Amino acid sequence: MAARLDPVDLTRALVRCPSVTPSDAGALAVLEGALVPLGFTCHRLKFSQAGTPDVDNLYARLGTGRPHFCFAGHTDVVPPGDVGAWSAGPFAGEVIDGRLIGRGTVDMKGAIGAFVAAAAAFLEGRRDGFKGSISLLITGDEEGPAINGTVKVLEWMKAKGEIPDHCLVGEPTNREALGETVKIGRRGSLNALLTVYGTQGHTAYPQHADNPIRRLMRMLTAIADRPLDEGTAHFEPSRAEVTSIDVGNPTTNLIPGKVTARFNVRFNDRHSGESLKAWIGQRCAEVGGRFDLACEVSGESFLCPPGPWTDRLATAIRGATGRTPALDTGGGTSDARFIRNLCPVAEFGLSSATGHKVDEAVTVADLVSLTEVYRRLLAGYFADPPCPA
Ligand SMILES: [Zn+2]
């Protein structure tokens with residue numbers, strides 16, 4: 001028989017482990033300590049790769065049957081920054097005026113505390129009759145290089161045949177109030193480094209030189225002056241933002257021979273990293289002259305189309321918070337970009353307002369509500385699974 005677990009106690013215990021990436025600082029042991037008595041089988045997965053720090057991860061599963069529902073998240077946190085500016089110790093786990101203050105409370109130890117408390121509440125009284133599976137995929141490498149974390153846990157899961165039917169990532173998805181927003185996909189992200197070459201010369205004799213800056217400006221105008229498209233059904237328009245233009249020329253009468261620019265493109269499902277690279281190269285070629293273009297795609301765009309699975313989630317949110325969530329794809333990337341290769345994935349967590357800031361905090365009320373969202377989600381999901389059995 002599962003016991004009631006308090007999401008606030010669990011989150012405090014996690015916050016008290018200063019698990020700044022790549023350090024675990026005991027956070028996964030806290031989770032194991034809560035999951036094993038509930039009946040979960042825990043696998044600690046430590047991965048390493050030359051040139052990156054070793055990272056501890058945890059995969060825990062209760063049950064062997066289907067449907068198989070997976071909660072995913074990360075216990076690593078960003079550094080506290082200016083510790084003196086915090087109104088309580090960033091790793092003290094203090095509750096002041098109904099708010100639990102600490103690094104990682106919002107992003108995202110609070111959601112992990114809620115995962116476990118919700119699973120315990122869901123299992124209470126129904127252990128023997130439960131035929132499905134609940135799992136947790138918890139990484140210690142989300143805020144860092146993301147090399148020895150979710151990607152490698154997913155490879156391990158695939159090799160072991162541990163394929164969930166659906167996955168919920170507990171990243172903070174709401175801007176202000178709990179229940180505002182579910183993420184059903186994310187835009188892709190591409191970083192470009194563009195180098196344009198000309199011929200160095202005297203500004204008084206430009207006819208003997210070839211100024212590459214003029215061409216670069218025309219290229220950047222073609223690429224970044226307006227959105228790349230009008231947006232799609234679930235995505236805002238794709239857009240390039242120039243982040244740096246560098247000549248490094250201190251001389252007033254010298255035309256430089258070379259200029260570089262960097263820009264980032266956040267793109268929707270009208271594009272892929274490859275199609276975008278080709279499009280950018282074409283815009284540059286139209287301007288002409290010699291240039292080098294280097295692109296790196298840190299994630300493709302993806303979408304989990306609204307349907308029975310997202311309906312179960314929206315119903316749980318409405319039941320627990322009274323709000324009907326918007327299904328959104330804005331904001332930055334998350335580990336959902338890897339998980340979507342294994343199974344349909346959506347994201348719902350706390351409010352992101354204080355994430356990564358000094359005095360990151362979650363209200364006790366929100367932690368209790370989020371636990372109720374997840375509990376209702378499990379109840380609705382297993383009562384009427386949104387997938388073929
Ligand atoms: Zn996060």
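As the structure lists them, so they are numbered: ligands from 1, and atoms in each ligand from 1. These figures come from a predicted structure and were not determined experimentally.
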**Request:** Would you kindly say whether Asn148 and Thr52 are connected by a side-chain donor-acceptor distance under 3.5 Å?
**Result:** yes
Asp269 meets the side chain to side chain contact (heavy atoms under 4.5 Å, CB included) criterion, sequence neighbours left out, with Thr232, Phe235, Ser301, Leu303
Distance filter < 2.8 Å from the Zn ion (ligand 1), protein N/O/S hits 4
Are Arg290 and Tyr197 in a cation-pi setup, meaning NZ or CZ lies under 6.0 angstrom from the ring centre and within 45 degrees of the ring axis?
yes
Residue pairs meeting side chain to side chain donor-acceptor pair (under 3.5 Å), one or both in residues 309-318, sequence neighbours left out, come to Arg312-Asp384, Arg318-Thr324
The side chain to side chain contact (heavy atoms under 4.5 Å, CB included) partners of Glu94 (sequence neighbours excluded) come to Ala88, Ala92, Ile96
Between Trp156 and His43, ring centroids under 6.0 Å:
yes
